[in-house]
Amino acid sequence: MTKIVGIAGIQLVVFVLTAITTMLTTLSQQLLQERMVLTIRHKVMSHASELHLGFFEDSASYDLLRQADREAPMRPMSMMSSALGLVRMAITFTSMIALLITVSPLLAVVALLAPVPAFISQSKYGARSFMLNYIVSPIRRRMDYLSTLVTTDTYAKEVKLFGLGPYMVDRFGKLGQVYYDRQRKLIRKRNIAGTAWGMLSTIAGSAIYLYIALKAVQGELTLGDLALYTAAAASVQSSVGGLFGGFAGMYENNLYLDTLYRFLETKPEIAKPEKPQPLPSPMRGHIEFDHVSFAYPGADEPALHDVSFEIRPGETVAVVGRNGAGKSTLFKLLCRLYDPSAGRILLDGVDIRTLDPDELQTRISAMFQDHVSYQATASENIGLGDLGSLTDRPKIEGAAAKAGIDERVARLPRGYDSPLGRWFDEGVSLSGGEWQKIALARAFMRDVPILILDEPTSALDAQAEHDLFVRLRQLAEGKTTLYISHRFSTVRQADRILLLEHGKLVEAGTHDELMTLDAGYAELFTLQAAAYLDA
Ligand SMILES: Nc1ncnc2c1ncn2[C@@H]1O[C@H](COP(=O)(O)OP(=O)(O)OP(=O)(O)O)[C@@H](O)[C@H]1O
């Protein structure tokens, strides 16, 4: 009696311990999974932040990035549990196979080989599923894009006005169907083939049981042996299946991890030279383009062709030209977001390719045409222009005043602490011109020798534009300033004007010089002036 109670007690302890260890395993696995996903996504994001601009302008890069960011993070954990499973299975397998060999070595071989076809089929479909995922990645990206168009405030106005909602939803549905059809085919095939090959194992298993049962009937095995060997046979089969399944899983996971490594191994094309030249200090802001040509990757025509000019320190230069003439490209090259295909760009006489790009970019402040409206507070929106001064309120207020947005920000419900945009908080919506002034303020945050502004006043009202240019005269004091503008009233105020046409520099000089030249600039200027006078 006491013996039985003792055994029951031991059993209870074993159960409790099993429950605790299972809980601990699940707990640590889940936590590890979360941490792993975070770590990998963090690494992917940090690597992406170091890559060159051109990388993000290639659709294949997006697919790679997406795989690395969405699919790969789950894989190491899955790989690890496959590996741990393999160890567990291997232990069961060796002990059970030893048992089976004592009944019949042939049985052991049959048990061993039966799961092989299922393994081959699983591996094949694992690889196919990976390939399919890769192929359908652009479809999924397009679906994400359509969904963003319909669900994001920035696009909602136009989508609503043009009644594009149902059209987008319909396209989303059609793409979703294509995606589903492709997945369905594979999932169906994978499962049917898996089960069919699995049958082979089942048949082999049954044959083994039959053999053992016959042996028992013939009296060669006892009933106890019968139970033991059938359990051993079942165990061998499941562990061999598990072993192979583990290998197949590892193989599939490995394919996904491979894309992650491929992404992480992508080297930034604009990298720091081994021995970067120090930037002259203090920098004067002398800029020289020396026979610079540049074509965007995959483009047929060059965006800039043999462009040469010089800008003296402290000069204010306006760059003009028709749409697509290459003006923004010129600015992007100066910031070293791309490298020229031919020629050199010199800053204070130093080729910018020999400089540390990060350091170069701390000496230039810029406002781009497609400036960003950050979903953040007004203060952060401005302060992001100079991370070191993100919390320097007087400096931020100073930059806001230079851009002419100080009064508007002061009138916001929580002043500089008001969130702008409505994605995360109950933020304030600004007008297009107000957002542009915020972007300008961001550019004014840095006290740097070179300031470049790509259409800084395109959204500003006439008064604001006039005020800005009056202020710009003081702000640009001692700085080399370049701006692009289509408004000739502002262009004529520049010290010098560069006219680009089809990627070539065709005219350069002061307003008066170019008017006297009576060529391209004079024609554009007169065209605009005439439009005003006629009105
Ligand atoms: N990221 C890019 N990838 C490929 N081609 C580009 C890219 N950006 C611009 N281009 C092409 O390079 C040419 C010059 O473009 P750029 O943006 O420099 O013109 P722009 O003079 O600034 O025009 P706009 O007045 O319209 O702003 C255009 O033909 C454009 O199609």
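Just follow the structure's listing: the first ligand is 1, and inside any ligand the first atom is 1.
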Ligand 1 to G326 polar contact by distance, N or O atoms, under 3.5 Å: yes
Side-chain touch Y134/S129, heavy atoms, less than 4.5 angstrom: no
Interfacing atoms of ligand 1 (cut-off 4.0 Å, heavy-atom, H486): 25 (O)
Atom 21 (O) of ligand 1 touched by protein heavy atom at under 4.0 Å: yes
Backbone of G249 reached by a side-chain donor or acceptor of N253 within 3.5 Å: yes
R128 NZ/CZ over Y125 ring centroid, <6.0 Å and within 45° of normal: yes
Atom 15 (O) of ligand 1 - nearest protein heavy atom and its distance: T329 OG1, 3.7 Å
Nearest-contact summary for atom 9 (C) of ligand 1 - protein heavy atom, Å: Y296 CE1, 3.4 Å
Side chain, backbone, both or neither: E301 near ligand 1, heavy atoms under 4.0 Å: neither
Candidate pair R262 and E265, rule salt bridge (charged side-chain N to carboxylate O under 4.0 Å, His left out), full reasoning: CA-CA 5 Å; R262 223 155 24 98; E265 277 162 16; over 6 Å; no
Protein heavy-atom partner closest to atom 27 (O) of ligand 1 - residue, atom, separation in Å: Q369 NE2, 2.9 Å
Per-atom contact, atom 7 (C) of ligand 1, protein heavy atoms, under 4.0 angstrom: yes
Closest to atom 28 (C) of ligand 1 (judged by heavy-atom distance), picking from G324, G321, G298: G324
Steps toward ring pair (Phe, Tyr, Trp, His ring centres under 6.0 Å) verdict (H511, F488): CA-CA 10 Å; H511 170 76; F488 286 82; 8.6 Å; no
Within 6.0 Å of CZ in R393, more than 12 heavy atoms from elsewhere: yes
Closest protein heavy atom to atom 26 (O) of ligand 1, given as residue, atom name and distance to 0.1 Å: N323 ND2, 2.9 Å
Under 4.0 Å to a heavy atom of E57 - the qualifying atoms of ligand 1, by number: 1 (N)
Protein contact of atom 17 (O) of ligand 1 - nearest heavy atom, named by residue and atom, plus distance: S328 CB, 3.6 Å
Y338 ring center within less than 6.0 Å of Y296 ring center: yes
Identity and separation of the nearest protein heavy atom to atom 25 (O) of ligand 1: K327 NZ, 2.8 Å
Element-labelled atoms of ligand 1 that are located less than 4.0 Å from some non-hydrogen atom of A303: 12 (O)
Ring geometry between F289 and F309 (parallel below 30°, tilted from 30 to 60°, perpendicular above 60°): parallel
Student check: side-chain heavy atoms of L264 and L260 closer than 4.5 Å: yes
